[in-house]
Amino acid sequence: MSMQMKHSVIHLILWTLVFVFFLGIFLTGDTLETWGDNRTKTLVVAALFIAGFGGDAILSIVYRKRKEPVTRDERDDWIQKQALSGGFIVTLVYVFLITISLYTKFETSGLVPAAWLWFIAYSLICVANISVTAFSVYFYRKGGL
């Protein structure tokens with residue numbers, strides 16, 4: 001397994017865990033009704049994303065500080081372009097589907113609870129990271145790297 005593939009797999013695991021824990025925190029209890037009032041859940045979710053971005057930073061530092069230099073070639077550049085293109089499309093489709101779903105659900109009342117806007121913001125970070133990295137892993141596996 002190439003170093004870039006290992007990096008992608010670890011990144012995918014990290015952000016999948018962040019997303020799963022986020023969903024577990026956000027979708028339990030009365031979070032939607034009391035999002036702004038529940039300071040504990042707000043801080044836990046913020047800490048979760050700090051851990052995700054902190055994990056990204058640590059992963060990047062470890063990746064750059066290796067004793068053996070990591071070589072990149074045109075295949076890596078191609079894979080990165082394809083992964084970003086695929087991740088961009090998935091992210092756009094996700095935003096479209098979730099906003100249309102919320103519009104349809106709350107069309108009659110005319111008001112979307114603020115918690116759903118926070119959900120879109122946080123989940124968008126996860127979906128973007130997961131989709132790009134999943135495409136990266138897919139293309140590395142497809143290419144036999």
Side-chain angles (χ1 to χ4, degrees), residues 1-66 70 72-143 145:
M1 183 183 302
S2 72
M3 191 62 199
Q4 291 88 348
M5 174 71 161
K6 287 179 188 177
H7 182 273
S8 295
V9 169
I10 293 169
H11 189 263
L12 180 62
I13 292 168
L14 172 69
W15 281 101
T16 301
L17 288 173
V18 169
F19 195 44
V20 167
F21 285 119
F22 165 70
L23 290 175
I25 292 167
F26 197 89
L27 299 176
T28 57
D30 61 345
T31 303
L32 291 172
E33 294 81 19
T34 63
W35 176 254
D37 300 330
N38 194 335
R39 187 166 177 83
T40 304
K41 281 190 178 183
T42 304
L43 291 174
V44 169
V45 168
L48 187 62
F49 279 84
I50 288 171
F53 286 117
D56 274 349
I58 291 168
L59 188 59
S60 293
I61 290 167
V62 168
Y63 182 72
R64 288 188 192 126
K65 298 290 182 183
R66 295 190 45 86
V70 178
R72 291 183 51 92
D73 57 17
E74 64 276 354
R75 291 177 299 178
D76 294 309
D77 292 337
W78 182 86
I79 288 170
Q80 185 178 18
K81 286 179 186 176
Q82 295 301 315
L84 287 170
S85 297
F88 179 71
I89 292 167
V90 168
T91 303
L92 286 178
V93 169
Y94 171 75
V95 170
F96 177 78
L97 290 177
I98 197 156
T99 53
I100 290 298
S101 299
L102 288 173
Y103 173 80
T104 304
K105 181 176 179 170
F106 295 105
E107 181 179 12
T108 56
S109 70
L111 299 171
V112 176
W116 280 112
L117 302 177
W118 282 101
F119 178 83
I120 292 171
Y122 280 124
S123 65
L124 187 57
I125 294 168
C126 294
V127 168
N129 275 293
I130 291 170
S131 62
V132 169
T133 309
F135 275 108
S136 180
V137 169
Y138 169 76
F139 287 118
Y140 275 119
R141 297 237 347 143
K142 184 179 174 185
L145 301 174

message: Ring-plane angle category for Trp15 and Phe53, please: parallel below 30°, perpendicular beyond 60°, tilted otherwise.
response: perpendicular
task: List the steps and the verdict of side chain to side chain contact (heavy atoms under 4.5 Å, CB included) for Gln4 and Tyr63.
output: CA-CA 9 Å; Gln4 291 88 348; Tyr63 182 72; 3.4 Å; yes
Margin query: Donor-acceptor check, side chain of Thr133 to backbone of Ile130, threshold 3.5 angstrom: yes or no?
Written below: no
The single option from Val90, Val93, Ile89 that satisfies side-chain contact (heavy atoms from CB on, under 4.5 Å) with Ser131 is Val90
When rounded to the nearest 0.5 Å, the distance separating CG of Leu23 from CD1 of Ile25 is 9.5 Å
Scanning both residues in full, the closest heavy-atom pair of Val18 with Leu48 reads O-CD2, 3.5 Å
Minimal heavy-atom distance between Val137 and Ser8, with the atoms involved, is CG2-CB, 3.6 Å
Separation between CG (Leu12) and NE2 (His7), nearest 0.5 Å, reads 12.0 Å
dist Thr91:OG1 -> Ile125:CD1 (nearest 0.5 Å) comes out at 11.5 Å
To the nearest 0.5 Å, atom CZ of Phe22 lies from atom CG of Leu27 at 7.0 Å
Here the pair of heavy atoms bringing Asp56 nearest to His11 is OD1-CD2, 2.7 Å
Q: Report the C-alpha separation of Ile79 and Lys142 in whole Å, then their side-chain angles, then the decisive distance to 0.1 Å, and conclude whether the side chain to side chain contact (heavy atoms under 4.5 Å, CB included) test is met.
A: CA-CA 10 Å; Ile79 288 170; Lys142 184 179 174 185; over 6 Å; no
Value for CG (Leu124) from CD1 (Ile98), rounded to nearest 0.5 Å, stands at 9.0 Å
Quiz item: Is the backbone of Val132 close enough, under 3.5 Å, to the side chain of Ser136 for a donor and an acceptor to pair up by distance?
Solution: no
| task | Please assess Leu59 against Leu14 for the test side chain to side chain contact (heavy atoms under 4.5 Å, CB included), listing each intermediate value before the final yes or no. | result | CA-CA 10 Å; Leu59 188 59; Leu14 172 69; 5.7 Å; no
Hey, are the side chains of Gln80 and Phe139 touching, using non-hydrogen atoms and a 4.5 Å cut-off?
-> no
Ring pair (Phe, Tyr, Trp, His ring centres under 6.0 Å) test vs Phe26 passes for just one of Phe21, Phe49, Phe119, Tyr122, namely Phe119
Residues, nucleotides or ligands: over 12 heavy atoms within 6.0 Å of Trp118 CH2
no
Should Val95 and Ile120 be marked as a side chain to side chain contact (heavy atoms under 4.5 Å, CB included) after you check the CA-CA gap, both sets of side-chain angles, and the distance that decides it? CA-CA 8 Å; Val95 170; Ile120 292 171; 5.5 Å; no
**Report entry** Heavy-atom side-chain contact between Ser101 and Lys105 under 4.5 Å
**Finding:** no
All heavy atoms of Ala83 vs all of Phe135, minimum pair found to be CA-CB, 3.6 Å
- Counting only heavy atoms not in Phe88, do more than 12 fall under 6.0 Å of its CZ? no
